[in-house]
Amino acid sequence: MKNFNQSVWQVTKKIPKGKVATYAMLARKIGKPKSARAVGNALNKNPFAPIVPCHRVIRSDGSIGGFASGTNKKIKLLKKEGILIRGTKVLSLEKFLVRL
DNA sequence: GTCGTGACTAGCC
DNA sequence: CGGCTAGCCACGA
């Protein structure tokens, strides 16, 4: 852990399949609860696309947020893992949220 | 060192 | 429920 970005990727990488985490949550985990925005930036530029499950990271209100390859793609992936989604938002968020 | 930008958030209307 | 605002942070030019 050296750069902020690396920390983000390392934590994101640990999110189990079928679960999701929020930007704020990850920010808190790395010791910077106010850096949710910066976390989003890190994921957007993440060079470990296939290694880091960036599609399992969503907003605190349950919105999908965004995705480098397209929001639609992100939704599809999450649904595939068992996450229930309606439009651009996650249903039963608390049920899929992984506690860090 | 300063400025613009963005996968954020909480609060208010 | 939806939209707007101000506050936050890290990065690259």
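The figures that follow rest on heavy atoms only: side chains count, while hydrogens, waters and symmetry mates do not. Just so we're on the same page: letters track the sequence lines, and every chain starts at 1.
- Looking at A/Lys29, its side chain never comes within 3.5 Å of a backbone N or O of A/Val11 through a donor-acceptor pair.
- Under the 4.5 Å side-chain heavy-atom criterion for grouping Ile, Leu, Val, Met, Phe, Trp and Tyr, A/Ile15 is connected to A/Leu97 within one hydrophobic cluster.
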Checklist entry - Given Watson-Crick or G-U pairs with both distances under 3.5 Å, what dot-bracket string fits DNA chain C, with | for other-strand pairs and [ ] for crossing? => result .||||||.|||||
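- Nucleotide C/dG12 holds its C1' atom 16 Å from the CZ atom of A/Arg37, rounded to whole Å.
- Take A/Arg56 and apply the salt bridge (charged side-chain N to carboxylate O under 4.0 Å, His left out) test, not counting sequence neighbours, and it matches A/Glu81.
- For the atom pair CD1 (A/Ile75) and CD1 (A/Ile58), the distance works out to 11.0 Å, reported to the nearest 0.5 Å.
- At whole-Å resolution of the value, CD in A/Gln6 and C1' in C/dC9 are 18 Å apart.
- Across all strands, A/Ala38 comes closer than 4.0 Å to base atoms (heavy-atom distances).
- Regarding A/Asn5, its CG atom lies at a distance of 7 Å from the C1' atom of C/dA10, rounded to whole Å.
- A distance of 11.0 Å separates NE2 in A/His55 from OG in A/Ser69, rounded to the nearest 0.5 Å.
- Distance A/Lys34 NZ to B/dT9 C1': 10 Å, rounded to the nearest Å.
- At whole-Å resolution of the value, OH in A/Tyr23 and C1' in B/dT9 are 12 Å apart.
- Of the possible polar contacts, none joining the A/Ser92 side chain to the A/Lys95 backbone as a donor-acceptor pair under 3.5 Å is found.
- Separation of atoms CG (A/Asn46) and CD1 (A/Ile51) is listed at 9.0 Å; rounding is to 0.5 Å.
- Between the side chain of A/Trp9 and the backbone N or O of A/Phe48 there is no donor-acceptor pair closer than 3.5 Å.
- The stretch residues 56-91 of chain A touches DNA chain C through A/Lys89, each having a heavy atom under 4.0 angstrom from the strand.
- With C/dC11, B/dA7, C/dA10 as the choices, the nucleotide that has an atom nearest any side-chain atom of A/Lys32 turns out to be C/dA10.
- For a distance-only test at 3.5 Å, the side chain of A/Asn44 fails to qualify as a donor-acceptor partner of the base of B/dG6.
- Distance from the side chain of A/Asn3 is smallest to C/dC11 among B/dT9, C/dC11, C/dC8.
- Straight-line distance from the CG atom of A/Leu26 to the P atom of B/dA7: 17 Å, rounded to whole Å.
- Between the CG atom of A/Asn41 and the P atom of C/dA10 there is a distance of 11 Å, rounded to whole Å.
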Item to check | Criterion side chain to side chain contact (heavy atoms under 4.5 Å, CB included) on A/Ile64 and A/Arg59, from CA distance to verdict | outcome: CA-CA 6 Å; A/Ile64 297 303; A/Arg59 295 183 38 150; over 6 Å; no
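- Look at CD1 on A/Ile30: it is 13 Å from C1' on B/dC8, rounded to the nearest Å.
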